[in-house]
Amino acid sequence: MLLSKKVDGVVEQSSVLAKDFDITYDVVVAGLGVAGSIAAIVAARKGLKVLGIESFSCMGGIGTAGGIMEYYFGNEGGIYEEIDTDIQKYDGRIYASAGKINIEAKKYELENKALKAGAQIWYDSVICGVYLDEKTVVGVDVITDGGIKSVGCKVLIDSTGDAYVCEIAGCLWSWGREKDGRNQPFTSVEVYLREGGIGHTNMDSGIVDQSNIQELSRAIVFSHAEHIKNVQDDTRPFLYCAPQIGVRDGRRIEGEDKLTLTGFFEGEVTDKPVFYAYADLDKHGWDMIFDTDILQDWSLAANLSAVNITVPISMGSFIPKGYNGILAAGRSMSFDRDISSCVRMMRDMQKAGEVAANMAYIAIDDGVDMIDVSYQKLAAMLRETGCLSDANNKGYKFDHPSQKFDAGVDIGVEWLTDTQDIKRQLSTLKPGVALWSCRLLGAKVTDTLMCWLGDTDKNLRMHSAIALSLIGDSGGLPVLHEMISGRDATKLQDCRKNNRLRGYIAIYLAGRLGDTAIVDELIDIIASPQEIHRPIYNDPGLVGTHYTIDGYNDVYFQFFSHSIMALVRIGDKNVGLRNKIKDAISSAIDDDTYKRRITTRGSNTAEYSIVVNLKDVIAQEIAKW
Amino acid sequence: MKTHYNLIIIGATFAGVGAAVANGGDVLIVEHRPQAGYEFIGCYNPGFGYDNMTLCEYVDGFRSELIERNVLADGRVRIGAVSPVLYARMETLQLPILMLTDVTDIRSVSGGFELDIYNAQGFRTITADNVIDTTPLNIKQKSINALLVGGKTPPQNIDGMIFVKGKSDEEYTVKLSLDLGCTYADARQTLHKRWESRTGELQEWVIAAVADYFEFSCKKGPIYHTKGYIHLPSCAYRNPLEALDEGYKYAGGGR
């Protein structure tokens with residue numbers, strides 16, 4: 001038997017004699033957050049002997065201790081709805097009314113149901129070691145009640161959020177964004193008293209590597225300190241800072257299946273879904289230049305960032321590759337980072353917990369390895385509760401978090417194939433669906449797009465150039481140049497949030513195509529002292545913003561950062577231009593004055609963090625030359 | 001990361017923070033929870049005795065800030081609102097702290113102490129010349145508390161539940177006494193059932209938040225384990241300011 005522990009940041013494995021565990025369970029659930037709390041309840045209701053281990057003092061994670069009182073998309077259906085229904089009777093009667101989800105009532109009810117089902121709960125406890133028979137997890141060491149106890153299990157469900165137990169067990173994993181390893185911004189939630197009950201505010205507070213505890217601790221202190229501006233108001237009495245900060249991404253296991261955004265768009269998805277996740281690719285953070293090309297094509301160039309997608313989730317996403325007796329359930333499941341920004345919503349994470357518990361039950365009941373769990377049996381169980389439902393396969397939709405629509409408005413997205421339909425849409429300020437349709441059609445539509453480049457309709461010309469560039473055709477470059485040199489401030493209108501400006505869309509695409517003709521213009525954008533004084537960066541009436549943040553100039557940041565990244569891409573493809581580009585980038589960022597042009601916010605803020613990170617990552621990219 | 005400190009403080013409590021501030025640079029606070037000041041703030045214990053306090057200059061400044069920010073007035077405090085003020089001071093001073101970190105063992109060694117700690121980065125051993133543990137010791141009493149809002153009639157103490165007024169007449173804390181062996185789950189379930197069956201003027205009041213931590217009372221320190229290692233339970237003090245002050249004075253050599 002192996003004992004796997006982490007010591008001084010490194011996972012170490014040592015052979016141990018066969019272990020007599022202090023106590024043995026069928027299922028150990030590590031982390032009783034959004035997914036883990038549901039996993040513990042469902043597994044216990046199946047008659048399994050369940051132990052839930054939680055480092056905090058309550059169940060529910062970000063949905064209770066994290067102060068988040070409402071859902072953001074995700075799909076309906078599943079056992080969690082029973083809990084959400086049951087807690088309504090307490091709202092305003094025992095617990096102060098809280099709007100959509102009464103987190104205090106939920107904290108109570110999750111625990112109530114887990115205990116009634118027979119689950120045992122250890123709060124203030126953490127797993128610090130994993131026992132394995134080769135690659136099968138058989139038990140854990142737990143720091144609890146002033147000591148360390150050894151606990152045997154048939155299945156371990158890792159719902160710690162960052163797959164900490166999978167990591168200790170030696171499972172393969174990836175972390176953060178591919179280019180720079182960074183995570184999305186985290187949130188710090190403030191709960192206050194309002195008329196009729198309690199409310200919360202939820203704001204992005206910074207970037208953190210939560211696996212670095214010094215850094216995490218500083219982030220907690222800093223982000224909670226930011227709420228000081230709200231403590232004075234007696235008309236809005238400050239109740240508390242939510243003890244759990246809202247981390248959005250981190251470690252993801254490499255599973256038996258791994259869904260990527262590219263694969264999703266190409267239709268490489270499972271035909272054996274265990275549930276359908278549903279949301280937009282809700283990736284927070286302004287520095288999209290370091291996102292993957294596919295994500296930038298979708299969110300930036302096609303301006304479809306707020307379009308909801310439906311992602312079928314497979315059993316293999318839960319199973320760490322090559323391992324048995326262990327599942328990841330939560331945002332740490334096996335996806336690439338792009339897809340994980342959609343799949344991580346609370347409704348769907350609760351589903352993940354339900355799926356994991358049922359997988360564990362079948363594996364134990366049938367005496368099979370996790371990879372051999374019967375899909376038919378699992379699907380039947382999940383359909384009973386609505387966790388798996390064909391009605392949740394909603395495709396692509398322009399949706400709204402309130403999910404209220406005008407009657408008769410069709411918000412579903414169908415990709416276009418008819419050139420007249422495409423032309424019609426490209427002629428508007430909502431060209432997104434047409435743009436992506438062109439990308440899907442590829443060479444079939446390039447000749448038509450080339451014709452439209454000469455049209456008198458400005459939108460049609462511009463968007464045809466964007467469409468050509470999305471396809472990878474350089475025929476639209478001259479029109480892209482117009483948008484770049486004119487600093488085109490036209491804001492597309494497809495989405496309810498995060499609509500993009502044509503000017504930096506064009507810069508991104510010119511860079512992708514390795515356009516050498518635009519180099520001097522891009523150098524001007526990043527290095528000319530006059531650039532920052534252009535009206536586009538200083539007149540909010542010209543562009544407007546969805547998020548208004550004091551001390552941060554997003555329009556300038558986007559033009560600046562996309563120009564730098566485009567120059568790097570052009571330099572990657574053109575050795576002869578590298579010295580010129582390198583000198584220009586050095587002059588633009590070496591002296592750090594660019595930072596103040598972009599943001600005056602403090603050094604712990606997400607905005608400051610992205611301007612520092614820009615310099616670091618660009619330096620790394622150029623160093624490869 | 002450093003491996004040796006002049007002073008390691010166990011518990012990001014008010015006493016622990018006070019000691020860290022007074023000690024200066026070569027200090028580390030180690031805290032199991034993701035919070036500071038939880039022994040008052042996190043258990044919604046507003047404390048008492050804010051009037052008639054003689055405090056050292058640093059803590060008197062903290063008190064003045066609470067008053068200026070309308071968190072403390074006329075001897076009454078909005079305890080949750082103390083939190084950002086505390087964090088802002090910790091941030092300004094860049095106090096070294098490891099949250100979500102357990103101390104699994106402490107050993108006396110020549111010249112000081114070895115502490116085994118565990119967090120998401122794994123096991124690690126750090127050493128210190130001195131250790132101050134500010135967590136509870138020899139607990140005498142325990143309660144689960146909750147913030148109450150919505151009522152007009154002041155609630156009256158009843159059968160194991162006492163009520164403490166917050167900053168305004170519309171804010172109270174209820175404290176439900178518990179057996180020392182009571183778990184969080186038992187406590188939460190009991191409080192829920194007690195509140196569900198409340199009668200009279202208590203029905204005006206609803207729970208805005210149930211505390212994530214127990215309130216403990218225990219004997220004041222310092223309690224000496226061995227030379228250089230003492231216990232100074234922060235929860236033993238009347239209110240956060242007294243705890244901060246005692247920790248500050250202890251580490252500043254006041255005792």
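So that the names make sense, note that chain A is the first sequence line, chain B the second, and so on, each numbered from 1.
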From the list L148(B), I97(B), T183(B), the residue making the most non-hydrogen contacts under 4.5 Å with chain A is I97(B)
Do you know which of A120(B), P96(B), A88(B) has the most heavy-atom pairs under 4.5 Å to chain A? A120(B)
Counting only non-hydrogen atoms closer than 4.5 Å, does L147(B) touch chain A with its backbone (N, CA, C, O), its side chain (CB onward), both, or neither? side chain
Select one option (side chain, backbone, both, neither) describing which atoms of E111(A) are under 4.5 Å from chain B's heavy atoms. both
Max heavy-atom pairs within cutoff under 4.5 Å with chain A, candidates Q203(B), E196(B), R78(B), K167(B), goes to R78(B)
Select one option (side chain, backbone, both, neither) describing which atoms of D162(A) are under 4.5 Å from chain B's heavy atoms. neither
Among the listed options Y90(A), Y108(A), F222(A), Y192(A), the residue most often paired with chain B at heavy-atom distances under 4.5 Å: Y108(A)
Using a 6.0 Å distance limit plus a 45 degree cone around the ring axis, check whether K2(B) lies over the aromatic ring of Y5(B). yes
Interface check, chain B: of I198(A), V7(A), V221(A), most non-hydrogen pairs under 4.5 Å belong to V221(A)
The interface call for L110(A) against chain B, heavy-atom contacts under 4.5 Å, is neither
Relative to chain A, which segment of R89(B) carries a heavy atom at a distance below 4.5 Å: side chain, backbone, both, or neither? neither
Can we say E204(B) and K152(B) salt-bridge, meaning some charged N sits less than 4.0 Å from an Asp/Glu carboxylate O? no
Looking only at I245(A), T160(A), D234(A), most heavy-atom pairs under 4.5 Å shared with chain B are made by D234(A)
Okay, L193(A) and chain B: the region with an atom under 4.5 Å from a heavy atom over there is side chain
